[in-house]
Amino acid sequence: MVLDNLGSSLRGSLDKLRGKSRLDEDDVQEIVKEIQRSLLSADVDVSLVMDLSDSIKTRALEEEPPGGTSARDHVLKIVYEELVGLIGESTEIPLESQTIMLAGLQGSGKTTTSAKMAWWFSKKGLRPAVIQTDTFRPGAYDQAKQMCERAEVDFYGDPDCDDPVQIARDGLEATEDADVHIVDTAGRHALEDDLIAEIEEIEGVVQPDLNLLVLDAAIGQGAKEQAQQFDESIGIGGVVITKLDGTAKGGGALTAVNETDSSIAFLGMGETVQDIERFEPNGFISRLLGMGDLKQLSERVERAMSETQAEDEDWDPEEMMKGNFTLKDMQKQMEAMNKMGPLDQVLDMIPGFGGGIKDQLPDDAMDVTKDRMRAFEVVMDSMTEEELENPRKVGASRVKRIAQGSGQDEETIQELLEQHRMMEQTIKQFQNMGDGDMQRMMKKLQNQDGGGGMGGLGGMGPF
């Protein structure tokens with residue numbers, strides 16, 4: 001994730017403050033230096049780095065911690081507030097009829113972003129349409145068409161026309177019934193005069209309500225010039241940062257946001273149309289510091305459960321909280337987890353996991369967990385309906401048969417059954433909880449500060 005190194009180094013520095021009730025200047029100076037080092041290595045503009053670190057230092061030394069607050073928690077709060085202030089508010093995206101034009105260099109991820117944004121609007125109850133005007137890059141039309149088909153949204157493009165302005169004009173007419181028009185424009189390898197002239201002509205035809213600059217998270221200081229020229233040409237109202245699933249630094253994109261006096265609209269991570277989320281500064285920084293993001297997590301859970309239930313109307317997730325928790329319920333729960341996105345992203349949203357726990361895991365831990373889940377899915381596909389509904393009937397002879405049918409070893413089947421038992425126990429704990437117990441548990445999760453504690457989630461098993 002963008003600035004991920006900042007998050008891990010900050011968490012390490014803050015851990016050194018454990019047990020302290022007051023801060024001295026050396027403590028603060030060490031944390032400030034760590035912030036400066038991490039931000040500069042992430043390609044954030046020097047002037048921004050100095051302003052941020054000076055503000056953190058001043059506040060940490062001058063502000064008195066509230067009664068009962070540890071020095072570590074006091075500094076964590078200051079760093080959180082200052083980073084949120086650096087990034088700024090999210091771009092306003094009203095859920096109403098509008099036209100959005102995407103700009104950016106070739107390879108920034110505009111075409112992928114157009115389909116992802118269309119999918120996002122469709123999930124909000126609007127009817128979006130993507131208009132592909134890129135006649136410069138071979139394959140742009142096919143890529144956009146395929147992604148829009150996966151997103152199940154309207155699409156317009158004309159592979160036989162070499163006039164992007166005419167395509168934009170025709171596209172608006174052909175998709176006039178759409179609520180939201182997303183116009184994807186051509187990019188180049190550099191900011192060439194013909195690119196700027198072309199995008200200005202397209203803007204004149206489509207009259208967008210909002211222009212978004214799409215930036216690869218890996219971009220460095222070059223983002224500053226890009227942002228300036230696009231802003232001078234068409235005016236930039238927001239930024240989409242893409243490819244956050246890699247090892248990108250991301251600081252250049254943040255510098256571009258500051259340079260255009262705009263804000264971040266969306267974050268893109270991954271290749272599927274679902275790999276996009278609205279940028280929320282509070283949740284983003286909270287995840288960065290290992291504090292989780294329960295709002296984003298709950299949205300993903302709700303969407304994933306809804307999609308899984310739509311695929312199998314006989315399965316009701318609410319019923320599993322009332323009656324017996326079967327292997328079939330577990331199978332559906334795993335399907336929903338897959339729809340929530342990469343596991344490491346989901347863990348980032350759970351208070352206490354994204355910081356301390358993930359920092360301590362081996363580099364291949366997420367891959368091992370994915371492989372294990374895939375193995376469990378294969379095993380359950382080899383079980384009978386009776387076994388899925390009543391896993392207690394799976395004795396030694398059935399384990400042997402399932403192992404042969406699934407191609408997995410008997411130990412994997414036993415691990416699956418043990419995992420089911422652990423999850424069943426956890427579900428029963430939830431069933432026995434009163435409203436007060438549930439509220440106390442949620443408060444405990446929200447108060448997790450990334451210190452490595454697993455909070456109330458330890459009983460959820462080894463997933």
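- Nearest approach of Asp154 to Cys148, heavy atoms of both residues: O-SG, 4.5 Å.
- The residues Glu377 and Arg374 are annotated as not salt-bridged, no charged nitrogen and carboxylate oxygen being separated by less than 4.0 angstrom.
- Residues Phe121 and Ile100 have side chains in contact (heavy-atom distance under 4.5 Å, counting atoms from C-beta outward).
- In this structure a side-chain-to-backbone donor-acceptor pair under 3.5 Å is present from Arg278 to Ala265.
- A side-chain donor-acceptor contact under 3.5 Å links Thr133 to the backbone of Asp184.
- Of the possible donor and acceptor atoms, one in the side chain of Lys110 sits under 3.5 Å from a partner among the backbone N and O of Gly104.
- Using a 4.0 Å cut-off between a side-chain N of Lys or Arg and a carboxylate O of Asp or Glu, Glu81 and Lys77 qualify as a salt bridge.
- Between the side chain of Asp275 and the backbone N or O of Glu271, at least one donor-acceptor pair lies under 3.5 Å.
- At distances below 3.5 Å, not a single donor-acceptor pair connects side-chain atoms of Ser382 with backbone N or O atoms of Ile402.
- Scanning all heavy atoms of the two residues, the minimum distance from Tyr156 to Asp170 falls at OH-CB, 3.4 Å.
- No hydrogens or angles considered: nothing links the side chains of Asp162 and Thr135 as a donor-acceptor pair under 3.5 Å.
- In this structure, the side chain of Ser108 engages the main chain of Leu105 through a donor-acceptor pair within 3.5 Å.
- Contact between Val130 and Ser114 at its shortest, heavy atoms only, is CG2-O, 3.6 Å.
- Under the 3.5 Å distance criterion, the side-chain polar atoms of Asp329 are matched with a main-chain donor or acceptor of Thr326.
- Among Thr99, Ile202, Thr175, Asp158, the single residue meeting the side chain to side chain contact (heavy atoms under 4.5 Å, CB included) criterion with Ile131 is Thr175.
- Between the side chain of Asn211 and the backbone N or O of Ile234 there is at least one donor-acceptor pair closer than 3.5 Å.
- Shown here for Ala144 and Gln132, the closest heavy-atom pair between the two residues is CB-NE2, 3.3 Å.
- When all heavy atoms of Thr272 and Lys116 are compared, the pair lying nearest together is O-CE, 3.2 Å.
- Of the N and O atoms on the side chains of Thr384 and Glu386, not one donor lies less than 3.5 Å from an acceptor on the other residue.
- Using a 4.0 Å cut-off between a side-chain N of Lys or Arg and a carboxylate O of Asp or Glu, Glu34 and Arg37 qualify as a salt bridge.
- Remark: the backbone N or O of Ser263 is paired with a side-chain donor or acceptor of Thr91 at under 3.5 angstrom.
- The shortest heavy-atom contact between Gly107 and Lys243 is O-NZ, 2.5 Å.
- Residues Ser233 and Glu200 bring a donor and an acceptor atom of their side chains to less than 3.5 Å of each other.
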